[in-house]
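Structure first, commentary second.
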Protein chains: 2
Amino acid sequence: MAKSYNEVGASTYQRIKRDIIFGDLAPGSKLKLDGLRQRYSASMSTLRETLNRLASEGFVEAQDQRGFFVTPVSREDLIEIANLRVLLECHALRLSVEKGDTDWEGNLVAAHHKLHLMEQKMMSGDDSRKEDWKRYDWEFHKAMIQACGSRNLLSLHAVLYDKYLRYQMLVLTYRGDEAVNEHRRMFEAALDRDVARASQELQTHIEKGLEHTLAAF
Amino acid sequence: MAKSYNEVGASTYQRIKRDIIFGDLAPGSKLKLDGLRQRYSASMSTLRETLNRLASEGFVEAQDQRGFFVTPVSREDLIEIANLRVLLECHALRLSVEKGDTDWEGNLVAAHHKLHLMEQKMMSGDDSRKEDWKRYDWEFHKAMIQACGSRNLLSLHAVLYDKYLRYQMLVLTYRGDEAVNEHRRMFEAALDRDVARASQELQTHIEKGLEHTLAAF
DNA sequence: TATGAAATAATATCGGATAATACTGTATCT
DNA sequence: AGATACAGTATTATCCGATATTATTTCATA
């Protein structure tokens, strides 16, 4: 199980990745090794290892002999990410709804329940825990596609989700009960084993989110 | 432009990745730092950086406190990779055929021509240059989807292609003129701007290749 | 102001030192 | 004999300092 971002004892990899996704390290900003060394109290060797990992995942850009930069953001990139999420996540969802067994269904019900509770807290104005909320959102989306049967697909999706998440955190606006209803409809379609409807609801969910994020970008 | 594998002055990253893909570093084998240090005449720091990069791309597995291993192979993994290639590459091809301009078409014609020449050499029994042949195959497939308009999609595809390539190199058998005809039909459909036919031909091409590779695995 | 050389800063790579962990082989006990 | 405990070895992970290469900035001169 992957560790969450704000856990105690998080590795410098997890901490830097978190800071990029949540905007504490601004897009395009230079990642000076000496500065990072103090901020994360790690040695240069360790830092270069994690920066290389983040570079190959696309959160950091490495320019030869000029060091590392936080990957810049752009509307085009956001649109690409969203489109890829539709392609991969809808595909995974179709497989998952077809193959999912009782365990999958149970975990999905639990994940949706926890997400729904958190969504109601957010709706009532308590937006102090965006990170927690987004963790439940992630757990829900992951639970939906968990039974797709392809580890490769799941790990590609995890990276895409995080890239998309960075854009959502940058604009920092809450979409309200629209998204809540989309989650519910998607969830119900999955439990009904209605592959086409579930996939369609997911696509709508992502595309609505994209529009909302683009508008504020 | 990414450097090819066997170029002079290749980085240790490129050399290790090449050795994994072409089987010189066997699947599942342990990557002892001291051994690698001699083999690639690089320092431990540099090696750990490249191994971290390769780990996040999926060519290497990192086990905490136990070092690095070449990612193992399995039938299931091969099938997953092939299915993902179908999903991503066919999607990219549809976009590319729709959007491709004159430059795209020109580069595609050139890439197909070079691939075809090499295929004829291979057909006449000269299989001494598998790496070159596969480079032309890569250049052709890349040229096909180049106009898809999504950098993210292209870079995901590049990793998938290399993972699939490793399996092909492991079984080391040549599929003969079947693949040649598939390439030609795919190419012609793209020039005709027949999106559906091109995508269908590509899917068939990958799935035939999968069957062939699975049979020898 | 523009140019170019010198000074400064930052990166990339290397080798070594140390601590923590994993592995191996031996001896002991049941 | 087989399992367990322990000591010794090997390997990894992290950190630090040194050096060479490359970027960037400063500044003197035309």
Side-chain angles (χ1 to χ4, degrees), chain A residues 1-20 24-72 155, chain B residues 1-20 24-72 155:
Chain A
M1 177 61 61
K3 285 189 182 172
S4 70
Y5 300 119
N6 45 4
E7 201 164 319
V8 291
S11 64
T12 70
Y13 166 77
Q14 288 158 339
R15 293 202 294 149
I16 295 180
K17 185 169 173 180
R18 194 218 77 91
D19 287 349
I20 291 176
D24 295 341
L25 292 170
S29 62
K30 183 150 192 356
L31 296 168
K32 289 196 185 172
L33 290 172
D34 210 47
L36 297 182
R37 216 166 52 79
Q38 297 179 24
R39 175 166 183 166
Y40 299 98
S41 50
S43 75
M44 216 186 69
S45 325
T46 307
L47 277 173
R48 290 187 58 86
E49 286 179 26
T50 73
L51 290 178
N52 272 288
R53 276 177 71 181
L54 291 169
S56 85
E57 287 177 31
F59 295 101
V60 160
E61 282 186 359
Q63 291 184 27
D64 198 59
Q65 299 291 352
R66 300 199 345 151
F68 298 91
F69 301 80
V70 178
T71 302
S155 79
Chain B
M1 178 60 59
K3 285 189 183 173
S4 71
Y5 299 118
N6 45 4
E7 200 164 321
V8 292
S11 65
T12 71
Y13 166 77
Q14 289 158 338
R15 292 203 293 148
I16 294 180
K17 186 169 172 180
R18 194 218 76 92
D19 286 349
I20 291 175
D24 295 341
L25 292 170
S29 62
K30 184 152 194 347
L31 295 168
K32 290 196 185 173
L33 291 173
D34 210 46
L36 296 182
R37 216 167 50 79
Q38 296 180 24
R39 176 166 182 166
Y40 298 99
S41 50
S43 76
M44 217 186 68
S45 327
T46 308
L47 278 173
R48 289 187 59 86
E49 286 179 27
T50 73
L51 290 178
N52 271 289
R53 278 177 70 181
L54 291 169
S56 85
E57 288 178 29
F59 295 101
V60 159
E61 283 185 359
Q63 293 184 26
D64 198 59
Q65 299 292 352
R66 300 198 354 162
F68 298 92
F69 301 80
V70 178
T71 301
S155 79

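Here is how names work: the chains are called A, B, and so on, in the same order as the sequence lines, proteins then strands, and each is numbered from 1.
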Candidates C:dT11, D:dT14, C:dG15 - which lies nearest the side chain of A:Ser43: D:dT14
Can you confirm whether the side chains of A:Tyr13 and B:Asn52 place a donor and an acceptor under 3.5 Å from each other? no
Compare the minimum distances between each of D:dT12, D:dC15, C:dT11 and the side chain of A:Ala42, then state the nucleotide with the smallest one. D:dC15
Atom CG of A:Leu31 and atom C1' of C:dT11: how far apart are they, to the nearest Å? 13 Å
Taken to the nearest whole Å, CD/A:Gln63 to P/C:dA12 is 10 Å
Whole-Å gap separating C1' (C:dG15) and CE (A:Met44): 13 Å
Report the residue (A:Ser45 or A:Phe68) whose heavy-atom-nearest nucleotide on DNA chain C is the more 5′ of the two. A:Phe68
With a 3.5 Å distance limit and no angle check, can you tell me whether B:Ser41 reaches the backbone of B:Gln38 through a side-chain donor-acceptor pair? no
From CZ of B:Arg53 over to C1' of C:dA12, roughly how many Å is that when rounded to an integer? 13 Å
Within this structure, what is the CG-to-P distance between B:Asn52 and D:dT12, rounded to whole angstrom? 13 Å
A:Lys32 side chain, from C-beta outward: closest of D:dC15, C:dA10, C:dA12: C:dA10
Main chain of B:Ser45, side chain of A:Ser45: is a donor-acceptor contact present, judged purely on distance under 3.5 Å? no
Is atom NZ of A:Lys30 surrounded by more than 12 heavy atoms (other residues, nucleotides or ligands) closer than 6.0 Å? yes
Closest-nucleotide 5' rank along DNA chain D - winner of A:Thr46 and B:Leu33: B:Leu33
Checking contacts here: which listed nucleotide (C:dT11, C:dG15, D:dA13) is nearest the side-chain heavy atoms of B:Arg37? C:dG15
Value in whole Å for how far the C1' atom of C:dT13 lies from CZ of B:Arg48: 16 Å
For A:Glu61 and A:Pro72, the nearest pair of non-hydrogen atoms, with its separation, is OE2-CD, 3.7 Å
Counting only side-chain nitrogens and oxygens, does A:Lys30 get under 4.0 Å of the OP1 or OP2 atom of D:dA23? no
Nearest whole angstrom, please: distance from the P of D:dA13 to the CG of B:Leu47. 12 Å
Atom CG of B:Asp64 and atom P of C:dC23: how far apart are they, to the nearest Å? 12 Å
Of all the nucleotides listed (D:dT11, D:dA13, D:dA23), which has the minimum atom distance to the side chain of A:Arg66? D:dA23
